Amino acid sequence: MSEPYNPKTIEERWRDFWREKGFFKADIERTERKFYYLNMFPYPSGKLHAGHGRNYILGDAIVRFLIMRGYNVLNPMGWDAFGLPAENAAIEQGIHPRDWTWRNIEEFKRQFRAWGVEYDWDREIATCEPDYYRWTQWLFLKLYERGLAYRAESDVNWCPHCDTVLANEQVVGGRCERCGATVERKKLTQWFFKITDYAQRLLDDLEKLPGWPERVKLMQKNWIGRSEGALVTFKSERGDPIQVFTTRPDTLWGATFLVLAPEHPLVEALTSPDRRREVQEYREQAARQTEVERLSAEREKTGVFIGAHAENPVNGEKIPIWIADYVLMGYGTGAIMAVPAHDERDFQFALKYGIPIIPVIAPPSGVAKSYLMRGSYRGGLEEALKEAGFDFEAKDGALYVTLAERDRERYIALVQGYLQPGSWTEVVGAGWQFVFPDGVANVGSLAEERAVLARCRELEPTVGGVRTVAELLWGVEFYRELLFHAEYGEMINSGPLSGTPGDQAIRKTCEWLEERGIGKYAVTYRLRDWLISRQRYWGAPIPMVHCDRCGVVPVPEEELPVLLPDVPFIGKKGLADVPEFVETACPRCGGPARRDTDTMDTFVDSAWYYLRYISPQDEEKAFDPNLVNRWLPVDLYVGGVEHAILHLLYSRFITKALHDMGYLAFDEPFARLFTQGMITYPAYWCEEHHWIPPGEVAEGNRCPHCGAGLDVQVLAMSKSKKNVVPPDELIEEYGADTERLYTLFMGPPERDIEWSAEGVRGAWRFLSRLWALITGQLPRIRDIEGPPNPAELDRAGEALWKKLHATIKKVTEEFEGRLGLNTAIAALMELTGAFSDYLEGEVVDPRLVREVVRNLILLISPFTPFMAEELWSRLGEGKSVLETPWPDYDERALAAGEVEIPVQINGKVRARLKLPNAVAVDKEALREAALADPVVQARLAGRQVKRVIAVPGKLVSIVVG
RNA sequence: GCCGGGGUGGCGGAAUUGGUAGACGCGCUGGACUCAGGAUCCAGUGGGGAAAUAACCCCCGUGUGGGUUCGAGUCCCACCCCCGGCACCA
């Protein structure tokens, strides 16, 4: 009757069919109904594993859908082929990186073919080929001409394992993103791209990208890290201007010291002779520190006073200058004003080093506190406080008063009368006041702070060991929570701006600063320029020449590409080690000169490749602006979230730069972005033998080599952790269609999901069932033509007809919308089940059977193209599935048949009615039908119906008394 | 610490604008076919109760506690936990 499902022979038959027919070739000249679908191109390392399928199988299904929908789809593939792994593998195996790379590429292509994943292979590109990197070099020259590529000495991240520098984006938690080695800091002269010029636009234009996941946009936003504030110029005693950036200009009057980054250029000149040695030591120690050490040594802040002072421009206060490694040279101006009363780090620092603290912002809570030491006040105070309505606690003869700020004056007047001679108390809240029997002293300036401290010392000798008023108050636990806060509030102790409310404080201060020319409103970004130099061989050489007479000279465009020297590859090698590469003539003066020996970061290669696909063989230019402007932005770009910042931010930057140069009409490369999740699988770790492939793990999670207990973690599939499932084995056992179906069925494509061998079996069972079902029906429908007549269908037929169209709708909408293909497949499984049930009924309409079979094949074809093509041809259809239009659904079918309507009574479902659709969608009829139902009637007996809510097509809710 | 996302059966996950919670699959249980089954097929499967050669019925259930509503997985408030990003950023 029906033959068994044998994917091996089926898939072998169709593997080259689509390519030979040219279904995946885009018509590049025709752009109406065009669709540029793009998968992030892979780095060809070794072999593809099942985890890679998440990206490519998804993409292939989408593209097949789009082709059937009649789109002119551009769906290219290429290779991000430059990079360190090729070099490392080459060193290990003694072969050239290029040979290693091309071997992998061939393997990838073989695997794509086995998967049934097709591309427009005429457009294949590889970034390591001269006809590609020639244009990467061209891009560099263009950026250089525009002033967007420059060479500078700076502190860079150095990976000792990879022997090269890294971009900030490639350092994760102080470690090399690639190899995990601890990153060191080095001072080197390197090439940078000026991405910071585009910081604001990269930020603003995120709003132009509604088709991007919110979280990716947010990650970019955080990475760009815009902060608003002010630049304020302080002056050293010698007169050097010291510019600081602050987000809290409203706290300027509270700045009691300055802190410079240890690397700050002024440190050298400002340090006094007696501090020189200590400062030097601190700077050296800071320079030695790796990022990791700085992170781990967190919390406790260290720093050194450099023996110089600066003048605070707003109040003329003379404040000390320190250096500390919590201030980073790379952010803002590398110098900060420290306001210990309102910044937590500054507060810790000031407390530790005995630097005065002056509060200048009232805490918004409006709470103040006062502590009266035992013996500092006369009897009767407690009663007086009580009578005046103050809230306090008495403990061991001391009083702890908590008051509202508005009662401050009244409280001071009261308590002053009860103070013992020689004693005092404080009021700590919006400002700190010391209350003596004969007067009140405010701590609103450094001079006042000194005076208060002196007076207290005089009265109480034990105060002698305390360096600042803040320290004195810190000694009273009761006060601690009020000594520091970082909130916005009314300005106090701030000269002419005292009394400015919190919501206007920053704006008013900025205006005030600008009027006086001391400072101005300013914006700072966390984003740094993109360091693109790499000291390795396998990358695009930077097309620059160093000439003793002419300096740095660009290689003329017509001399591109600067070819990588073809050298035998043994051991680590940089271009600097190849004399015949280095030695050249200066393009300007013709004299002897040296080539730049750095290659570009591979993220430069991938920052523009989506443009090259449009005209991959063009020998005249990098891309054809005319065609590119018609085909881009990319309609749908699919790849992993791990590129949320690096690749996607760089690509946006390069697109904008090319846009500004007039090459591109658009300034965002990817209209819609979809980030697929990763496939995870258990990974086993043995202390001694490291990663153990899951298949080799011994009984009881033990190491097969030493028997030690293994550490199991479910991690993203990767070759390095040995937890991969090879597609070849899956295809051998179940066929590519099963792997494809399971990959898309396992869960929503954007989520990380664990691979399950049992799940694969489920997909296999379904396909076997479907195969048997359809092949079993072929004889019945071979000679049947035309669609069924809905009017002639019986109840069962009508239900199936309805189900069919609901499924078409569901699958279509998932492809066109959120790409929840797992639910689309579930719908196809349901339809298959319903179809199977229908066939067991007594009356079977062959035309309906034919209709369902045809549509099932078409609907499932993006997921399982081999089986679909095979069944389609057996059906006697002359054309390929890919030449057949995607089915449309019929609204009439959706409105046919019966629906089940639940009836709720007081919020609980008490009956389910089967009603004709016509009744269910009519509010009144629905209401009547529900009330007339016997079960409902019985429920309502003797109770009063208060309200009936009938929701057409949904439910009826009855409220009774 | 700050900013996002998310907590639904034994598991992966479904649930338009608030409208039958648990689609679909896995696993499990029972049965069939088998020398055998880790293959395949059929049936059942949130928990508890009632009932029992049947259908049906009741209670509880979407991290916790409150709230809005005829009705809440979905909305509001408070909290707990997990994941991701940033992290001395001035």
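Residue numbers start from 1 in every chain, and the chains themselves are labelled A, B, ... in the order their sequence lines are given, proteins ahead of strands. Quick note: numbers below take in every heavy atom, side chains included, and nothing from hydrogens, waters or symmetry partners. Quick caveat: nothing in here was measured; it's all calculated off a predicted structure.
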Q) Can you check whether A/Arg761 has a side-chain N or O nearer than 4.0 Å to OP1 or OP2 of B/G25? A) no
Q.
Less than 4.0 angstrom between a side-chain N/O of A/Ser227 and OP1 or OP2 of B/A90, yes or no?
A. yes
Q) Is there a donor in the side chain of A/Arg507 and an acceptor in the side chain of A/Tyr521, or the other way round, less than 3.5 Å apart? A) no
Q: Could you tell me how the ring of A/Trp755 sits relative to the ring of A/Tyr742: parallel (under 30°), tilted (30 to 60°) or perpendicular (over 60°)?
A: perpendicular
(Q) Which nucleotide wins on minimum distance to the side chain of A/Arg910, given the candidates B/A23, B/G19, B/C59? (A) B/C59
Q. Expressed in whole Å, how much space separates the P atoms belonging to B/A14 and B/A23?
A. 13 Å
Q. Do other residues, nucleotides or ligands put more than 12 heavy atoms under 6.0 Å from A/Gln713 CD?
A. no
**Q.** A/Lys803 side-chain N/O to B/A23 phosphate OP1/OP2 under 4.0 Å
**A.** no
**Q.** Residues that A/Glu729 engages under salt bridge (Lys or Arg N to Asp or Glu O under 4.0 Å), provided they are two or more places apart
**A.** none
Q) What nucleotide, of B/G27, B/U20, B/U16, holds the atom closest to the side chain of A/Glu758? A) B/G27
(Q) Please report the distance separating the P of B/G37 from the corresponding atom of B/G31, rounded so that it comes out in whole Å. (A) 12 Å
Q: Nearest whole angstrom, please: distance from the P of B/C41 to the CZ of A/Phe766.
A: 12 Å
Q) Side chain of A/Lys301, base of B/C88: donor and acceptor closer than 3.5 Å? A) yes
Q.
Checking A/Asp529 against A/Thr196: is there a side-chain donor and acceptor pair closer than 3.5 Å?
A. yes
Q: Measure from the side chain of A/Lys954, starting at C-beta and using heavy atoms only, and say which of B/C24, B/U16, B/C88 lies closest.
A: B/U16
Q: Write down the distance separating the P atoms in B/G22 and B/U40, rounded off to the nearest Å.
A: 28 Å
Q: Take the protein atom CG of A/Leu955 and the nucleotide atom C1' of B/G19, then report the distance between them rounded to whole Å.
A: 4 Å
Q | Test applied, side chain to side chain contact (heavy atoms under 4.5 Å, CB included); reference residue, A/Val232; option that passes from A/Ile242, A/Thr509, A/Leu252 | A | A/Leu252
Q: State yes or no: are the ring centers of A/Trp322 and A/Tyr353 separated by less than 6.0 Å?
A: yes
Q. Could you give the CG-to-P distance, from A/Leu831 to B/G25, as a whole number of Å?
A. 13 Å
(Q) For A/Thr302 and A/Tyr282, which I'm curious about, is there any donor-acceptor pair between the side chains at under 3.5 Å? (A) yes
(Q) Any donor-acceptor pair under 3.5 Å linking the side-chain atoms of A/Thr807 with those of A/Glu830? (A) no
Q: Please report, rounded to the nearest Å, how far the P atom of B/C83 is from the CZ atom of A/Arg215.
A: 15 Å
Q: May I ask you to evaluate whether A/Arg765 reaches the phosphate of B/G27, defined as a side-chain N or O under 4.0 Å from OP1 or OP2?
A: yes
Q) Side chains of A/Ser227 and A/Tyr331: is there a donor and an acceptor less than 3.5 Å apart? A) yes
Q | Among B/C88, B/G85, B/G19, the one nearest A/Ser957 by side-chain distance | A | B/G19
**Q.** Atom C1', compared across B/A39 and B/G4: separation rounded to whole Å
**A.** 47 Å
Q: Please state the C1' separation for the pair B/U62 and B/G13 - nearest whole angstrom.
A: 13 Å
Q: Establish, with yes or no, whether the OP1 or OP2 oxygen of B/C70 is under 4.0 angstrom from a side-chain nitrogen or oxygen of A/Arg947.
A: yes
Q.
What's the gap between B/G9 and B/G5 when it is taken at their P atoms, as a whole Å value?
A. 22 Å
Q) Which listed nucleotide (B/G19, B/C86, B/C41) is nearest to the side chain of A/Ile949? A) B/G19
Return the polar atom pairs (N/O with N/O) between nucleotides 10-14 of chain B and the protein under 3.5 Å, or none.
unit_1 : atom_1 : unit_2   : atom_2 : d
B/G12  : O2'    : A/Met746 : O      : 2.8

Q: Rounded to the nearest angstrom, tell me the gap between atom CG in A/Asn906 and atom C1' in B/C59.
A: 16 Å
(Q) From C-beta outward on A/Asn222, which listed nucleotide comes closest to its side chain: B/G85, B/U20, B/A90? (A) B/G85
(Q) From C-beta outward on A/Glu830, which listed nucleotide comes closest to its side chain: B/G85, B/A23, B/U40? (A) B/A23
Q. In whole angstroms, how far is the P atom of B/A90 from the CZ atom of A/Arg248?
A. 11 Å
**Q.** A/Val959 side-chain proximity, nearest of B/C86, B/A21, B/C70
**A.** B/C70
Q. According to a 3.5 Å limit on both distances, what stems of 3 or more consecutive Watson-Crick or G-U pairs are formed with RNA chain B?
A. B:1-7 with B:80-86, B:10-12 with B:24-26, B:27-32 with B:40-45, B:46-49 with B:57-60, B:63-67 with B:75-79
(Q) Can you work out whether A/Ile958 or A/Tyr331 has the more 5'-proximal nearest nucleotide on RNA chain B? (A) A/Ile958
Q | Near-ring test A/Tyr326/A/Phe349, centroid separation under 6.0 angstrom | A | yes
(Q) Please give the distance between the C1' atoms of B/C80 and B/G44 as a whole number of Å. (A) 37 Å
Q. Of the candidate nucleotides B/C59, B/U20, B/C89, which contains the atom at the shortest distance from the side chain of A/Arg912?
A. B/U20
